[in-house]
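Only heavy atoms go into these numbers, but all of them, side chains included; no hydrogens, no water, no symmetry mates. Since this is a predicted model, take the numbers as computed values, not measurements.
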Amino acid sequence: MPNAPVLKAFKHIRVPVMTIDAAGYISHSNAAADNLFGYDSSTMGMKVSDLIDVPSVEVLNSYIHPPEIDANIQLIMGKTSTGGQVPIAIHLTAWTDEDGLQHAMILRNLTEFVKAEKATSIELKRANTAINAAQIGVFEYFPIEDRAVVSGMWRKLMELDRDDPVDTQNEWRSRVHPDDLSIALEAVRLCVDGEQEKAKSEYRLLSKDGTKWRWMQVNVAGITKNNAGQVTSVVGSMSDISQRKEIELSLRDSNEQFRSAFENSPIGHVIFGLDASWWRVNKALCDALGYSKEVLVTKSASELTHPDSMQRSSEQFVKLSKGEIDHYIEDRRYIRSDGSAMYAKVTVSLVRDASGNPNHILCQVVDLTEQRRLNAMKGEFVATISHELRTPLTSVLGSIRLLMAIKRENLPEKAPRLLEIAQQNGDRLYNLINDILDFEKFSVNQMDLSLGSHDVVEQMKDAMQANSHIADSFNVQYELIADMEDAYGKIDPRRFQQVMNNLLTNAAKFAYPNTEIAVRVDDLGGYHKVSVTNHGEGVPYAFRDHIFSPFSQAKESDTRSRGGTGLGLVISKQIVEQSGGEIGFDSIVDDKTTFWFTVSKELRHPHKSLNDIGNIRQPLAKRERFTF
């Protein structure tokens, strides 16, 4: 038994220590040991089986294998004072004295170690689950023995059963594409030879049934070396990348198609950076402007764009590059290398990256120079023919009117009716020629407007009076509705009458018989809104998108019987928009249709003083009506 000085030192040791006598009782323990098992007082006198998960001192002694006199118990469960458990490690030493076999134990609390080991185990399980879910096969290659160990997922990727006795290395080599075998082995070689710490490669692998090639990617890392510096093992992973390769090949084909379409397109194409730098330009634009590709990309926009088009083009481009707009379309004039003008329609679009930020700009340039020249020739031809037709037609109509002025008794019986028919058809032909001439003038922007301040209501009255015979012929009636005392607008009276004539005529043609056509003017603040509303079949849905297109008519058989060229609304739209207004319509099938346009408001007649306004016209009373 230890003497008193030894026991005193024993109690002050901070490491948990205790001794067990031959009968299996705790003969000595220090405070650290007592605390380990949750006791405030000494555990002396307790049986060792009460503190440690061993049935007897003999079982405890069995951990020591003679001739050794000590042993390390890596993990055993201790019993706490509260009935719980504490994992401990024990360094056990045995000796024999006059009292028999004695044991000493140095104890270590493994609670934190067990927690860390458990956490590591959980992480490993999670990692293994993630690897399997991602279908990543893991292998370890031992170059000295030329041996490999593979995971179950690696076998699954190779379409091998777990218990398949096949040599995995030979099986893998036999199925790698012959052209790719050296590439597939290269990643392992680079790591084994010490040239790289990590490496990867991609190769084709034949399916087990031999029907298709799959793409695989191998990543190698985890190099282990021996004391001599030799690489003893490398760890790698294998994954199926066939889907990714298919996408890459598809993208490559798409890129090639885009490149071919871009380069071989007969229309000019440009890709710009956000700073207006040239990224790419195709041959069509080079040919159109007369520059080689090398020279064209050195030119700035100001050198290529006509000054008349430069300002608006620059403003739009700045907005686009900032992401304020996504695209714009404009007519633009360029300057060719020989100094001549090139007219083009330009479509400019912003391309954004995956995050939605502006990345680059696509520009399509359609050369309209030849089309513009042909249109001018056509316009000149139509104008010439129209003038040539109008001159003799004027004479013919004049002669007819002279004949109609002769007293009927001096004419044969059927002559007055024939002259009336001739005049009606002559007037229709004359209006047709005038519409064609007007249309051509608007098409080439040669229509001049004499805009001034005029009384809109008085102009509407004049138009209704002039078209009263049309209303009579279709058995309808015009009704003027005005809610204002002052309705001056910025108009060209002659062209205003032309717009009103078209709207009033169409309203009468397509109205139900014995109905009224409402002609009204409303105050919209800075504008007057003039509208013409009839009750009839309305505008068919299929025709609405084309109603302001040249030569468009809703029902061929019906409209032909009513007359018309299909140009009236087109010309009206041009007149209204060039006068600074808007034009449109609202229609309810089998109910009513309203055609409307706006006129910029003028406060007073520019040639009269405020005192003279009352002499120009008397203001209309509230909601006063005039019927024609």
Tell me whether S242 contacts the main-chain N or O of W215 through its side chain, where contact means a donor paired with an acceptor under 3.5 Å. yes
Is a donor from one side chain sitting under 3.5 angstrom from an acceptor on the other, for S340 and D338? yes
Quick one about Q497 and Q459 (side-chain donor to acceptor, distance below 3.5 Å, no hydrogens or angles considered), yes or no? yes
Answer yes if the side chains of Q578 and R495 hold a donor-acceptor pair under 3.5 Å, and no otherwise. no
D523 with K601: basic N within carboxylate O range, under 4.0 Å: yes
Within 45° of the axis and under 6.0 Å from the centre of the six-membered ring of Y343, does NZ or CZ of R332 qualify? no
Under a 4.0 Å N-O cut-off, is there an ion pair linking E202 with R244? yes
Determine whether more than 12 heavy atoms belonging to other residues, nucleotides or ligands lie under 6.0 Å from atom CD of E248. yes
Do other residues, nucleotides or ligands put more than 12 heavy atoms under 6.0 Å from the NZ atom of K293? yes
Other residues, nucleotides and ligands only: do more than 12 of their heavy atoms fall within 6.0 Å of OH on Y527? no
Answer yes or no: is there a side-chain heavy-atom contact under 4.5 Å between Y291 and C286? no
Can you confirm whether more than 12 heavy atoms, excluding those of K200, are under 6.0 Å from its NZ atom? no
Side-chain donor-acceptor pair present, N501, T505, cut-off under 3.5 Å: no
May I ask you to check whether over 12 heavy atoms, not counting those of E370, lie within 6.0 Å of atom CD? yes
Does a salt bridge link E537 with K592, judged by any charged N lying under 4.0 Å from a carboxylate O? no
So V297 and V281, do their side chains get closer than 4.5 Å, heavy atoms only? yes
Donor-acceptor side-chain pairing of S572 and N502 below 3.5 angstrom: yes
Drop me the distance from D240's CG to L157's CG, to the nearest 0.5 angstrom. 6.5 Å
Mind checking whether C363 and V346 have side chains closer than 4.5 Å, heavy atoms only? yes
Under 6.0 Å between the ring centres of F597 and F496? yes
Can you tell me if S300 and E303 form a side-chain donor-acceptor pair at under 3.5 Å? yes
Examine distances only and state if a side-chain atom of Y203 and a backbone atom of H177 form a donor-acceptor pair shorter than 3.5 Å. no
F272 and W278 aromatic centres sub-6.0 Å: yes
Neighbour count above 12 (heavy atom, 6.0 Å) for R372 CZ: no
Cationic N near anionic O, under 4.0 Å, R204 to D180: yes
NZ/NE/NH1/NH2 to OD/OE distance under 4.0 Å, E263 and R259: no
Keeping to residues at least two apart or across chains, list the salt bridge (Lys or Arg N to Asp or Glu O under 4.0 Å) pairs with something in residues 346-366. D326-R352
In terms of the angle between their ring planes, are F262 and H269 parallel, tilted or perpendicular, with boundaries placed at 30° and 60°? tilted
Taking the side chain as every heavy atom from C-beta outward, state whether T347 and E330 have any pair of such atoms under 4.5 Å apart. no
Compare all side-chain heavy atoms of R520 with those of L480 and state whether any distance is below 4.5 angstrom. no
